[in-house]
K.L.:
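One structure follows; several queries about it will come next.
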Amino acid sequence: MSLKGRGAVITGGGRGIGKAIARYLAEEGASIVVTARSTDQIEAVAAELRADGFEAQAVTCDVADEEAVQVMADEARGLLGTVDILVNNAGIAPSNPVKRLTLEEWNRVQSINVTGTFLCTRAFLQGMLDRQWGRIINIASVAGLRGSKYISAYCASKHAQIGFTRAVADEVADQGVTVNAICPGYVDTPMTEYSVVQITEKAGVSPEEALQHILATSPQKRLIRPEEIAAVAVMLCRKDGEGISGQAIAIDQGQGNH
Ligand code: NAP
C-alpha cells in the first residue's frame, strides 16, 4: 500500500490499459478518478473498484477539449484532495495510408493523443510542484519509437508524446516530479480488437488472418496483457521509482531488437 494517501487521475480509464492501471494503483493504496468520454464505462470501472473496497470516482471528460479538462481537473481535485499521479492514457489509433489520410483525421489523432496529454499535464502539474511530489506517466507506444506503415498520424502523435515527456521531465527534474512514457507493443484491449477490424476491412482478410498479421510483429507470438503495463506504471509511482524520469520504457517483448 505504498500509495496510500495519493490521489490518481487516469485518463481513458473506462476500458483496456487505463482500466488495468486504475485497479493496480487502487490496489497499491491510491484514491482513483477515472475519466473518459463514455460515462457508462468509467462509472462501471469506478463502481467495480468501490465494490472491492477501493476509493474510486468517475468524471466524464474529452481530453482534447481545453475547457472540459479544466472542469475535470477541478472536480478531480475536489474528489481526491490532491492529484499526485496523472496517467495520460486516453488515445485513439485509426489507420490509413498517408495518401488517404484526411486533415480532419490527422488533427483528431493529434488533439487527443498529444494535445490531451499536454492539457492534462498542465492542469495538474502546478499542484505536484507545490507539494514537491508527483508522477506523470504517459502511455505512448512502440509507434513513438519507430515508424510503421499505415499509422503515420498515430506514429507522429506518439513520437510527439515522447518528446513532450522528455521535455517536461527535464523542466521539473529537481522538483520532486517524475515524467515517463511507457511504450507498449500490441496489447489485448478493445483498441487492438478495432485494429483487427480495420485490417479485416481494408486488406480483405479474415479476422484470424488479421490477428496473425498483428502477432507477426510479436517475438513472443502473443498480445501483451494490460496488467503488464499497469505493473510498470505502479513501479514508476513507488518511492523506489523516483530515480526514473524522462524515459520511454518499451514493453514490447524485445521487438525493438529485431
Ligand atoms: P482502448 O481500449 O480503445 O481505450 C482507450 C480509452 O481512451 C477509452 O477509455 C476511451 O474512452 C479513452 N479516450 C479516447 N479518446 C478520448 C478522449 N478524447 N478523451 C478522453 N478519453 C478518451 O485503448 P487501449 O488499448 O487501452 O489504449 C490506451 C492507450 O495505450 C492509448 O493511448 C494507446 O495509444 C496506447 N497503446 C495501446 C496499444 C494497444 O495495442 N492496445 C499499444 C500501444 C499503446 P472514450 O472513447 O469513451 O472516450
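Values below: all heavy atoms of this structure, side chains included; hydrogens, waters and symmetry mates excluded. One-based numbering, in listed order, for ligands and for the atoms of each. The first residue in the sequence is number 1, and the count goes up from there. This is a predicted model, so every value here is computed, not measured.
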K.L.:
What do you reckon, does Thr192 have a nitrogen or oxygen under 3.5 Å from a nitrogen or oxygen of ligand 1?
P.N.:
yes
K.L.:
Okay, side chain of Arg135, backbone of Val177: is any donor-acceptor separation there less than 3.5 Å?
P.N.:
no
K.L.:
Any N or O on Thr35 sitting closer than 3.5 Å to an N or O of ligand 1?
P.N.:
no
K.L.:
Looking only at non-hydrogen atoms, which of Gly12, Gly116, Pro190 approaches atom 2 (O) of ligand 1 most closely?
P.N.:
Pro190
K.L.:
To check you understand the geometry: which heavy-atom pair defines the closest contact between Glu43 and Ala58, and what is its length?
P.N.:
N-CB, 3.8 Å
K.L.:
Is the closest side-chain donor-acceptor distance between Asp40 and Ser38 under 3.5 Å?
P.N.:
no
K.L.:
Looking at Glu27 and Arg23, is there a salt bridge between them, counting it only when a charged N and a carboxylate O are closer than 4.0 Å?
P.N.:
yes
K.L.:
Is there a nitrogen or oxygen of Ala36 sitting under 3.5 Å from a nitrogen or oxygen of ligand 1?
P.N.:
no
K.L.:
Val63 to ligand 1: N or O pair under 3.5 Å?
P.N.:
yes
K.L.:
Is there a nitrogen or oxygen of Thr189 sitting under 3.5 Å from a nitrogen or oxygen of ligand 1?
P.N.:
yes
K.L.:
Pro184 versus ligand 1: do any nitrogen or oxygen atoms come within less than 3.5 Å of each other?
P.N.:
no
K.L.:
Using heavy atoms and a 4.0 Å limit, tell me yes or no: is Tyr194 in contact with ligand 1?
P.N.:
no
K.L.:
Can you check whether Ser141 has an N/O within less than 3.5 Å of an N/O in ligand 1?
P.N.:
no
K.L.:
Would a distance-only check, ignoring hydrogens and angles, find a side-chain to backbone donor-acceptor pair under 3.5 Å from Asp188 to Leu223?
P.N.:
no
K.L.:
To check you understand the geometry: which heavy-atom pair defines the closest contact between Gln41 and Gly14, and what is its length?
P.N.:
CB-O, 3.7 Å
K.L.:
I'd like to know if the side chain of Glu209 pairs up with that of Ser206 as donor and acceptor (distance under 3.5 Å, no hydrogens or angles considered).
P.N.:
yes
